[in-house]
Amino acid sequence: MYILVTYPNARSNETLYPPAVVDRLESLGEVDWNDSDEQLSRDELRDRLEGVDVCVTGWGTHELSEYVLGEAGSLELVAHVGGSVASIASPALYDREIPVCSANHVMAPFVAEGILSYVLSSFRSVIDFDTAVKRGEWPSKAGDPTDSLYGATVGFVGLGTVGRTLLELLEPFDVTVDVYDPYISRDDLAPFDFATRADLESTLEGADVVSIHASKTPETLHMLDTDRLASLPDGCLLVNAARGAIVDEDALVDELETGRISAALDVYEEEPLPEDHPLRDIENVVLGPHVAGNPCRRHLADAVVTEVERFDRGDPLQHTVPRERYEMMTRDWLSA
């Protein structure tokens with residue numbers, strides 16, 4: 001088997017590709033590593049795909065378009081060390097009926113854990129109390145029902161793999177969850193008797209917490225605009241660890257400056273967040289540098305290599321991305 005790994009210097013990146021994972025991959029056949037510091041150009045990728053059986057992609061790999069696939073007559077599997085394959089796969093790839101798999105199932109629990117940590121630290125004012133105590137103060141805060149996740153109403157904008165995992169984490173908190181996602185059925189929520197489908201307006205208007213899980217598509221760009229942000233109840237916490245562009249950031253800044261709601265943000269329309277961005281000066285927002293799923297990095301390649309091993313044995317693949325799911329995934333060509 002001939003394998004191409006596209007990610008720059010993957011073999012020497014022990015966080016992403018631990019030595020044991022490198023050894024397992026190399027035991028499967030000849031591996032062509034991208035040992036440069038740069039992503040392969042489209043032309044380089046096209047040339048190096050000639051004779052390749054398995055292409056292992058990563059963040060920043062160019063789309064496997066009709067042109068790039070021009071010399072890829074032997075390609076039988078694309079395995080992505082990452083979550084969304086929207087910027088990696090293409091209609092041409094699916095037209096050739098080449099299976100595409102990813103490590104999205106590995107990322108989801110860590111992202112869900114990150115979201116839960118944002119919710120709990122925001123509700124319990126962890127950062128504010130830490131700052132105050134380190135300044136020599138000893139603050140107290142009067143009890144407020146929205147200062148605890150127990151018994152809260154949580155609104156999901158989108159569901160997806162991360163949302164399903166977050167539902168599992170939320171169950172012990174005796175929450176009520178309203179889910180807005182036009183692509184799910186009641187059966188998708190059947191395992192969670194505390195969660196129900198709802199329209200977007202009801203999901204936003206009744207929530208103590210709103211957590212965003214939608215993909216970034218033309219339909220969801222600035223979905224939470226001025227009017228929808230204004231519909232959030234007083235005291236609501238907005239959490240976004242999906243994609244920044246789903247929220248109109250200027251409108252969010254205006255709403256936060258009123259002090260009426262709060263937010264915890266892990267993603268932004270422009271990343272890194274500009275140094276002079278007004279969000280940096282607002283007290284009622286917790287800011288993270290797109291790290292909600294960060295602990296997953298050391299597990300991604302391991303999961304993908306396990307899938308390549310299944311392919312090599314002729315066993316059924318467990319983490320393929322069907323075409324219909326690919327078509328609904330976040331598109332990196334929108335502003336982030």
Side-chain angles (χ1 to χ4, degrees), residues 107-133 139-181 184 188-198 200-214 224 228-229 231-242 246-247 252 255-256 259-267 282-288 290-296:
M107 299 181 72
F110 294 98
V111 177
E113 178 191 44
I115 293 169
L116 183 59
S117 72
Y118 278 128
V119 173
L120 293 175
S121 61
S122 297
F123 269 11
R124 302 301 294 267
S125 302
V126 171
I127 295 172
D128 292 340
F129 286 143
D130 172 75
T131 300
V133 172
S140 62
K141 188 174 182 181
D144 185 314
T146 62
D147 285 345
S148 173
L149 182 56
Y150 280 99
T153 298
V154 182
F156 278 30
V157 178
L159 185 61
T161 308
V162 172
R164 288 179 175 85
T165 307
L166 184 59
L167 283 175
E168 296 172 1
L169 297 181
L170 289 174
E171 188 166 11
F173 290 92
D174 194 28
V175 296
T176 299
V177 180
D178 293 322
V179 179
Y180 168 72
D181 190 324
I184 65 170
D188 290 306
L189 297 178
F192 310 102
D193 59 7
F194 56 93
T196 57
R197 294 173 65 210
L200 182 56
E201 288 69 26
S202 299
T203 298
L204 299 178
E205 292 171 3
D208 300 308
V209 186
V210 170
S211 185
I212 299 173
H213 305 282
L224 270 67
R228 284 172 173 154
L229 290 170
S231 73
L232 296 175
D234 290 355
C236 183
L237 171 67
L238 174 68
V239 184
N240 189 5
I246 297 170
V247 180
L252 178 60
E255 195 68 52
L256 287 170
R260 197 181 65 78
I261 66 170
S262 60
L265 306 175
D266 191 60
V267 292
I282 298 176
E283 291 187 359
N284 50 316
V285 60
V286 173
L287 305 178
H290 203 151
V291 292
N294 220 36
C296 76

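- Taking both residues in full, the closest heavy atoms of L167 and A195 are given as CD2-CB, 4.2 Å, listed atom of the first, atom of the second, then distance.
- The side chain to side chain donor-acceptor pair (under 3.5 Å) search around T161 returns N104, not counting sequence neighbours.
- F110 and P295 make their closest contact through CD2-CB, 3.7 Å (heavy atoms, listed as atom of the first residue, atom of the second, distance).
- Distance check: L170 CG to F194 CZ gives 6.5 Å after rounding to the nearest 0.5 Å.
- Proximity of a side-chain donor or acceptor of N284 to a complementary backbone N or O of A263 within less than 3.5 Å is not detected.
- Considering only heavy atoms from C-beta on, V119 stays 4.5 Å or farther from F173 through its side chain.
- For V267, the side-chain contact (heavy atoms from CB on, under 4.5 Å) partners at least two apart in sequence or on another chain are N240, E271, H290.
- Distance check: D234 CG to S262 OG gives 11.0 Å after rounding to the nearest 0.5 Å.
- Between T176 and V154 there is no side-chain heavy-atom pair separated by less than 4.5 Å.
- In this view, D188 and R164 satisfy the salt bridge (charged side-chain N to carboxylate O under 4.0 Å, His left out) rule, not counting sequence neighbours.
- Of all non-hydrogen atoms in L204 and L232, the two that sit nearest each other are O-CD2, 3.7 Å.
- For D130, the side chain to side chain donor-acceptor pair (under 3.5 Å) partners two or more places apart in sequence, or in a different chain, are K134.
- Note that the OG atom of S125 and the CG atom of L120 stand 12.0 Å from one another [nearest 0.5 Å].
- With rounding to the nearest 0.5 angstrom, the CD1 atom of I184 is 5.0 Å from the CG atom of L159.
- Remark: T196 engages D178 in a side chain to side chain donor-acceptor pair (under 3.5 Å) (not counting sequence neighbours).
- Applying the salt bridge (charged side-chain N to carboxylate O under 4.0 Å, His left out) criterion to E113, with sequence neighbours excluded, gives no partner residue.
- Two residues are said to be in side-chain contact when any heavy atoms from C-beta on lie closer than 4.5 Å; T203 and V210 fail this criterion.
- Among all heavy-atom pairs drawn from G163 and F156, the shortest one is O-CE2, 3.4 Å.
- Between V179 and F192 the shortest side-chain heavy-atom distance does not fall below 4.5 Å.
- Of all heavy-atom pairs between M107 and C296, the closest is CG-SG, 3.8 Å.
- The two residues Y150 and P172 come nearest to each other via the heavy atoms CE2-O, 3.7 Å.
- V111 places none of its side-chain heavy atoms less than 4.5 Å from the side chain of T165.
- In this structure, the side-chain contact (heavy atoms from CB on, under 4.5 Å) partners of A241, at least two apart in sequence or on a different chain, are I115, D266, A292.
- Here the SG atom belonging to C236 is positioned 9.5 Å from the CG atom belonging to L229, to the nearest 0.5 angstrom.
- Counting only heavy atoms from C-beta outward, the side chains of L265 and L252 approach each other to under 4.5 Å.
- With sequence neighbours left out, the side chain to side chain donor-acceptor pair (under 3.5 Å) criterion links D181 to no other residue.
- Scored by the ring-ring contact (aromatic ring centres under 6.0 Å, His included) test, Y180 finds no partners at all (sequence neighbours excluded).
- Residues passing the side-chain contact (heavy atoms from CB on, under 4.5 Å) test with N294, sequence neighbours excluded: V291, R297.
- By the side-chain contact (heavy atoms from CB on, under 4.5 Å) test, E201 is found to be paired with D199, E205, R228, residues two or more places apart in sequence or in another chain being considered.
- Atoms CG and OG, from L149 and S122 in turn, are 11.0 Å apart once rounded to the nearest 0.5 Å.
- A heavy-atom distance below 4.5 Å is not found between the side chains of L238 and E255.
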